Visitor: 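I have a structure I would like to understand better, so I am pasting it below and will then ask my questions one at a time.
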Amino acid sequence: MTEAARAAAADPGADKAPGSVPLTLDGVPHGQPVLDRLIALLDLERIEENIFRGVSPADSSVRVFGGQVAGQALVAAGRTVPEERKVHSLHAYFIRPGDPRIPIVYEVDRIRDGRSFTTRRVVGVQRGKAIFSLSASFQLVEAGMEHAEPMPDVPDPESLPTYGERIAQLGPDAVKLGRDRQRPIDLRYVSDPPWITRESGPHEARNQVWMRADGKLPDEDLLQVCVLAYASDMTLLDSVLARHGVYWGTDKVLGASLDHAMWFHRPFRADEWVLYDCESPSASNARGLATGRFFTRDGQLVATVVQEGLLRVLPKPPRVPPTVTPKYRNGFSISV
């Protein structure tokens with residue numbers, strides 16, 4: 001952990017002091033101080049050889065953000081693996097909602113240490129019950145066949161509005177979309193975000209955003225991967241919602257991540273721009289499937305993501321006709 005991150009973790013109220021951190025257009029803290037809090041969040045406390053403890057931000061919602069628990073579990077797994085072995089895949093299940101008010105204990109099972117591959121299983125526990133499980137595989141770097149799909153043709157991130165600029169257009173309704181939450185990840189929607197496109201009904205089941213850590217990360221490969229895992233859960237299911245013309249907060253949509261898988265193909269830095277190209281091939285039985293691909297700015301495919309989420313769209317209440325005041329003639333009501 002950096003010294004700045006340690007300071008941020010030690011003083012949870014520092015970001016509320018006037019002028020202590022930069023603010024977005026809509027007055028929400030962002031930049032290096034907020035990113036340092038994410039770095040601190042991923043710097044788990046080691047309790048025993050294979051047991052770690054993590055906490056949640058003070059401004060968490062009613063349950064732990066899925067990207068947070070995935071990132072923390074991957075940190076726990078990685079700290080039991082030699083540094084020269086790089087994570088190449090993870091497969092995770094969200095079992096129970098996490099309570100952000102209490103710590104999460106991560107128990108690491110050292111499944112296998114082979115000549116080229118290392119396998120770890122991690123279980124996140126709260127109140128004696130598993131809330132999350134993750135299996136991760138690490139590999140020594142070696143030469144082999146090379147090919148990759150090309151990156152879609154999209155505008156540069158600097159030419160696109162920031163998330164703060166986009167959400168500020170909503171005025172008071174921006175609170176419903178988490179306007180008041182700190183943002184360690186800089187997001188730039190390539191096209192209109194789903195809370196805008198929903199106004200015109202269903203659209204293509206696709207969502208594209210540029211993203212990067214909003215500051216500078218330490219030169220640690222595992223941390224780069226864990227920050228990307230954290231960010232990968234932020235907009236992935238938007239591709240499902242876009243297809244049906246609904247969105248979190250603005251419509252009665254209940255959702256939760258069910259499982260999450262990632263494959264890491266090539267080296268990258270999470271504090272440099274990556275394009276997250278997401279689409280949804282299917283939705284059924286109150287579940288939506290989404291796939292995502294991360295590309296670096298120079299077009300390298302660096303990671304692939306697949307997630308299934310629980311998505312329940314509550315029916316809109318029936319329209320109640322306006323009350324009609326009866327008209328009277330000679331003391332008797334008549335039809336109107």
Side-chain angles (χ1 to χ4, degrees), residues 21-39 41 57 59-61 65-68 70-71 151-152 154-170 173-198 203 206-217 224 226-242 247-250 255 257 260 262 268-280 290-297 302-303 305 307 309:
V21 296
L23 302 178
T24 61
L25 180 68
D26 52 339
V28 177
H30 73 106
Q32 190 67 51
V34 176
L35 179 60
D36 283 338
R37 288 193 174 281
L38 175 58
I39 297 171
L41 199 69
D59 61 346
S60 296
S61 58
F65 170 52
Q68 173 198 318
M151 183 176 76
V154 296
D156 292 334
E158 292 85 1
S159 67
L160 302 171
T162 66
Y163 182 84
E165 290 169 340
R166 290 276 199 183
I167 203 171
Q169 300 172 359
L170 294 177
D173 289 339
V175 176
K176 299 177 182 178
L177 303 184
R179 168 182 175 172
D180 53 346
R181 295 178 190 163
Q182 298 180 18
R183 300 181 194 137
I185 306 298
D186 187 352
L187 292 177
R188 310 286 179 97
Y189 280 87
V190 172
S191 55
D192 284 338
W195 65 79
I196 293 178
T197 59
R198 62 175 285 279
H203 283 259
R206 193 166 192 177
N207 183 61
Q208 293 176 320
V209 295
W210 284 102
M211 59 171 56
R212 65 176 177 183
D214 197 6
K216 182 71 172 175
L217 290 170
Q224 305 290 333
C226 292
V227 170
L228 196 71
Y230 173 92
S232 69
D233 194 36
M234 297 180 71
T235 61
L236 186 54
L237 292 180
D238 287 3
S239 59
V240 184
L241 301 183
Y247 195 65
W248 320 104
T250 55
S257 301
H260 196 87
M262 295 187 74
F268 61 88
R269 288 195 63 92
D271 53 6
E272 296 178 355
W273 287 113
V274 289
L275 175 71
Y276 197 17
D277 180 33
C278 305
E279 58 185 346
S280 173
T291 63
R293 301 176 300 166
F294 281 105
F295 295 89
T296 57
R297 192 161 185 170
V302 294
V305 189
Q307 182 183 97

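Just so you know, these numbers come straight off a predicted model, no measurement behind them.
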Visitor: Run M234 and I185 through side chain to side chain contact (heavy atoms under 4.5 Å, CB included) and show every step you take.
Guide: CA-CA 9 Å; M234 297 180 71; I185 306 298; 3.8 Å; yes

Visitor: Once you round to the nearest 0.5 Å, how far does OG of S280 lie from CG of L236?
Guide: 9.0 Å

Visitor: Rounded to the nearest 0.5 Å, how far does CD1 of I39 lie from NZ of K216?
Guide: 11.0 Å

Visitor: Can you confirm whether L275 sits close enough to V209 that some side-chain heavy atom of one is under 4.5 Å from a side-chain heavy atom of the other?
Guide: no

Visitor: So, for D271 and L217, which heavy atoms are closest and what is the spacing to 0.1 Å?
Guide: OD2-N, 2.9 Å

Visitor: Does any non-hydrogen side-chain atom of P184 lie less than 4.5 Å from one of Y230?
Guide: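 They are in side-chain contact.
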
Visitor: Taking the side chain as every heavy atom from C-beta outward, state whether T197 and Y247 have any pair of such atoms under 4.5 Å apart.
Guide: no

Visitor: Nearest 0.5 angstrom please: R212 CZ to T296 OG1, how far?
Guide: 14.5 Å

Visitor: Provide the closest heavy-atom pair for D238 versus P194 in the form atom of the first, atom of the second, distance.
Guide: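 Minimum heavy-atom contact is OD2-CG, 3.8 Å.
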
Visitor: What I'd like to find out is whether the side chain of L160 reaches to under 4.5 Å of the side chain of P155, using heavy atoms alone.
Guide: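 They are in side-chain contact.
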
Visitor: Does D214 have any side-chain hydrogen bond (donor to acceptor under 3.5 Å, both in side chains) partners at least two apart in sequence or in another chain, and if so, which?
Guide: H30

Visitor: Does the pair Q307 and S232 meet the rule for a side chain to side chain contact (heavy atoms under 4.5 Å, CB included), with working shown?
Guide: CA-CA 10 Å; Q307 182 183 97; S232 69; over 6 Å; no

Visitor: What closest approach, in Å, do E279 and S239 show between heavy atoms, and which atom pair accounts for it?
Guide: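 In terms of heavy atoms, the two residues are closest at C-OG, 3.5 Å.
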
Visitor: Got a salt bridge between R297 and E158, using NZ or NE/NH1/NH2 to carboxylate O under 4.0 Å?
Guide: yes

Visitor: What pair of heavy atoms forms the shortest contact from A231 to M211, and how long is it?
Guide: CB-SD, 3.6 Å

Visitor: Find out whether V154 and Q208 are in side-chain contact, i.e. whether some heavy atom of one side chain is under 4.5 Å from a heavy atom of the other.
Guide: yes

Visitor: Taking 4.0 angstrom as the limit, do D277 and R293 come out as a salt bridge?
Guide: yes

Visitor: Taking the six-membered ring where the residue is Trp, are the ring centres of Y189 and W195 under 6.0 Å apart?
Guide: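 Judged by ring-centre distance (under 6.0 Å), Y189 and W195 do meet the cut-off.
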
Visitor: If I take atom CG from residue D233 and atom CD from residue Q68, how far apart are they, to the nearest 0.5 angstrom?
Guide: 11.0 Å

Visitor: Restricting to non-hydrogen atoms, name the atom on Q224 and the atom on A270 that form the minimum distance, rounded to 0.1 Å.
Guide: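 Nearest heavy atoms, Q224 then A270: OE1-N, 2.7 Å.
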
Visitor: So, using ring-ring contact (aromatic ring centres under 6.0 Å, His included) as the criterion, who are the partners of F294 when residues are at least two apart?
Guide: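 For F294, the residues satisfying ring-ring contact (aromatic ring centres under 6.0 Å, His included) (neighbours in sequence not counted) are Y276.
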
Visitor: Let me see the working for L228 and V274 under side chain to side chain contact (heavy atoms under 4.5 Å, CB included), right down to the final yes or no.
Guide: CA-CA 10 Å; L228 196 71; V274 289; 4.1 Å; yes

Visitor: Applying side chain to side chain contact (heavy atoms under 4.5 Å, CB included) to N207 and V240, what does each step give before you reach the verdict?
Guide: CA-CA 9 Å; N207 183 61; V240 184; over 6 Å; no

Visitor: Quick one about T162 and D186 (side-chain donor to acceptor, distance below 3.5 Å, no hydrogens or angles considered), yes or no?
Guide: no

Visitor: If I take atom CG from residue D36 and atom CG from residue L38, how far apart are they, to the nearest 0.5 angstrom?
Guide: 9.5 Å

Visitor: Measure the CG-CG distance between L35 and L41 for me, rounded to the nearest 0.5 Å.
Guide: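 Reported value, rounded in 0.5 Å steps: 11.5 Å.
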
Visitor: Tell me, do R206 and P152 make a side-chain contact under 4.5 Å, heavy atoms counted?
Guide: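 In contact.
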
Visitor: Locate the shortest heavy-atom distance separating R188 from P157; write the atom from each residue and the value.
Guide: NH1-O, 3.1 Å

